[in-house]
Amino acid sequence: MMRLGYLAIVVGGVVLDQWIKRLVESGMALYERIELLPFLALFHTRNFGIAFSLFADLGDTALVVVTSAVILFVLWLAARSDADQLAARFGFALIVAGALGNLIDRVWLGYVVDYVLFHTPVWSFAVFNLADVMITLGAGLVILQEILLWRRQRRSGGS
């Protein structure tokens with residue numbers, strides 16, 4: 001039953017990610033910027049690399065292979081996690097959902113659609129998307145689970 005819940009997180013995350021990206025692609029011109037708050041804007045751009053446009057020069061095929069390998073590795077880690085490691089399992093589902101969302105873009109479009117921009121008048125953070133948020137939150141949950149497990153083992157005298 002729990003596996004169906006994680007599958008629902010993955011499918012729901014991918015569907016939501018792809019829906020928002022299609023809205024951005026169809027409703028905003030490339031490089032169009034819509035200010036939402038003094039520090040937050042929608043900004044339609046394309047990422048030809050991985051996070052922060054890293055490895056853009058590798059090309060689509062290599063990036064698809066790398067992303068697919070990461071997804072398989074995360075699924076392997078998830079399968080090896082204990083059933084009581086709920087934060088980690090939820091995190092793995094988010095990571096897979098985000099990675100699949102960006103992989104779909106890369107395969108079908110040749111780039112990843114990005115659209116969230118945090119900024120100040122003199123500084124701006126890299127533009128990202130919901131899939132990137134899912135990957136980041138997922139990684140944070142996996143790390144949190146490891147910290148909790150480490151603390152529990154320390155309290156019980158385990159190594």
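Throughout, residue positions are numbered sequentially from 1 according to the sequence presented.
- Taken together through direct or relayed side-chain contacts under 4.5 Å among Ile, Leu, Val, Met, Phe, Trp and Tyr, Phe73 and Val65 form parts of separate hydrophobic clusters.
- The CZ atom of Phe39 sits 9.0 Å away from atom NE2 of His119, with the distance rounded to the nearest 0.5 Å.
- Annotation: side chain of Tyr115 is not in contact with side chain of Phe128 (no heavy-atom distance under 4.5 Å).
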Show me the donor-acceptor pairs, under 3.5 Å and distance only, between side chains in residues 8-18 and residues at least two apart or in other chains.
from  : atom 1 : to     : atom 2 : distance (Å)
Asp17 : OD1    : Lys21  : NZ     : 3.4
Asp17 : OD1    : Ala131 : N      : 3.2
Asp17 : OD2    : Lys21  : NZ     : 3.0
Gln18 : OE1    : Arg22  : NH1    : 2.6
Gln18 : NE2    : Gly101 : O      : 2.9
Gln18 : NE2    : Asp105 : OD1    : 3.0

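- Rounded to the nearest 0.5 Å, atoms CZ (Arg46) and CG (Leu109) are 8.0 Å apart.
- Evaluation of the salt bridge (charged side-chain N to carboxylate O under 4.0 Å, His left out) test over residues 31-42, restricted to residues two or more places apart or in two chains, returns Arg33-Glu35.
- Side-chain contact between Val24 and Leu42 is absent, with no heavy-atom pair separated by less than 4.5 Å.
- Sequence neighbours left out, not one pair with a member in residues 61-73 passes side-chain hydrogen bond (donor to acceptor under 3.5 Å, both in side chains).
- Each of Val112 and Trp108 belongs to its own hydrophobic cluster when Ile, Leu, Val, Met, Phe, Trp and Tyr are linked at side-chain heavy-atom distances under 4.5 angstrom.
- Leu63 and Leu72 fall into different hydrophobic clusters, where Ile, Leu, Val, Met, Phe, Trp and Tyr residues are linked whenever their side-chain heavy atoms come under 4.5 Å apart, directly or through other members.
- Proximity of Leu100 to Ile71: side-chain heavy atoms (C-beta onward) are separated by under 4.5 Å at one or more points.
- Listed by chain and number, the residues in a salt bridge (charged side-chain N to carboxylate O under 4.0 Å, His left out) with Glu146 amount to none (sequence neighbours excluded).
- Side-chain atoms of Phe92 and Ser81, non-hydrogen and from C-beta on, do get closer than 4.5 Å to each other.
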Identify all side-chain donor-acceptor contacts of residues 132-144 below 3.5 Å with residues at least two apart in sequence or on another chain.
from   : atom 1 : to     : atom 2 : distance (Å)
Asp132 : OD1    : Asn102 : ND2    : 2.9
Asp132 : OD2    : Asn129 : N      : 3.1
Thr136 : OG1    : Asp132 : O      : 2.9

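- Shown here are the salt bridge (charged side-chain N to carboxylate O under 4.0 Å, His left out) partners of Asp114, two or more places apart in sequence or in another chain: there are none.
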- Query: Does the side chain to side chain contact (heavy atoms under 4.5 Å, CB included) test come out yes or no for Val116 and Val127, once each step is laid out?
  - Reply: CA-CA 5 Å; Val116 178; Val127 184; 5.7 Å; no
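- Distance check: Tyr6 OH to Leu94 CG gives 10.5 Å after rounding to the nearest 0.5 Å.
- Note: Trp123 and Phe125 have tilted aromatic rings, judged against thresholds of 30 and 60 degrees for the angle between ring planes.
- Atoms CZ and CD, from Phe90 and Gln145 in turn, are 12.5 Å apart once rounded to the nearest 0.5 Å.
- Between Leu23 atom CG and Glu25 atom CD the span is 10.5 Å, to the nearest 0.5 Å.
- Ring geometry, Phe43 versus Tyr31: the interplanar angle falls from 30° to 60°, so the pair is classed tilted.
- Distance check, rounded to the nearest 0.5 Å: CZ of Arg106 to CG of Leu103 gives 8.0 Å.
- Looking at heavy atoms from C-beta onward, Arg3 lies out of side-chain contact with Leu7 at the 4.5 angstrom threshold.
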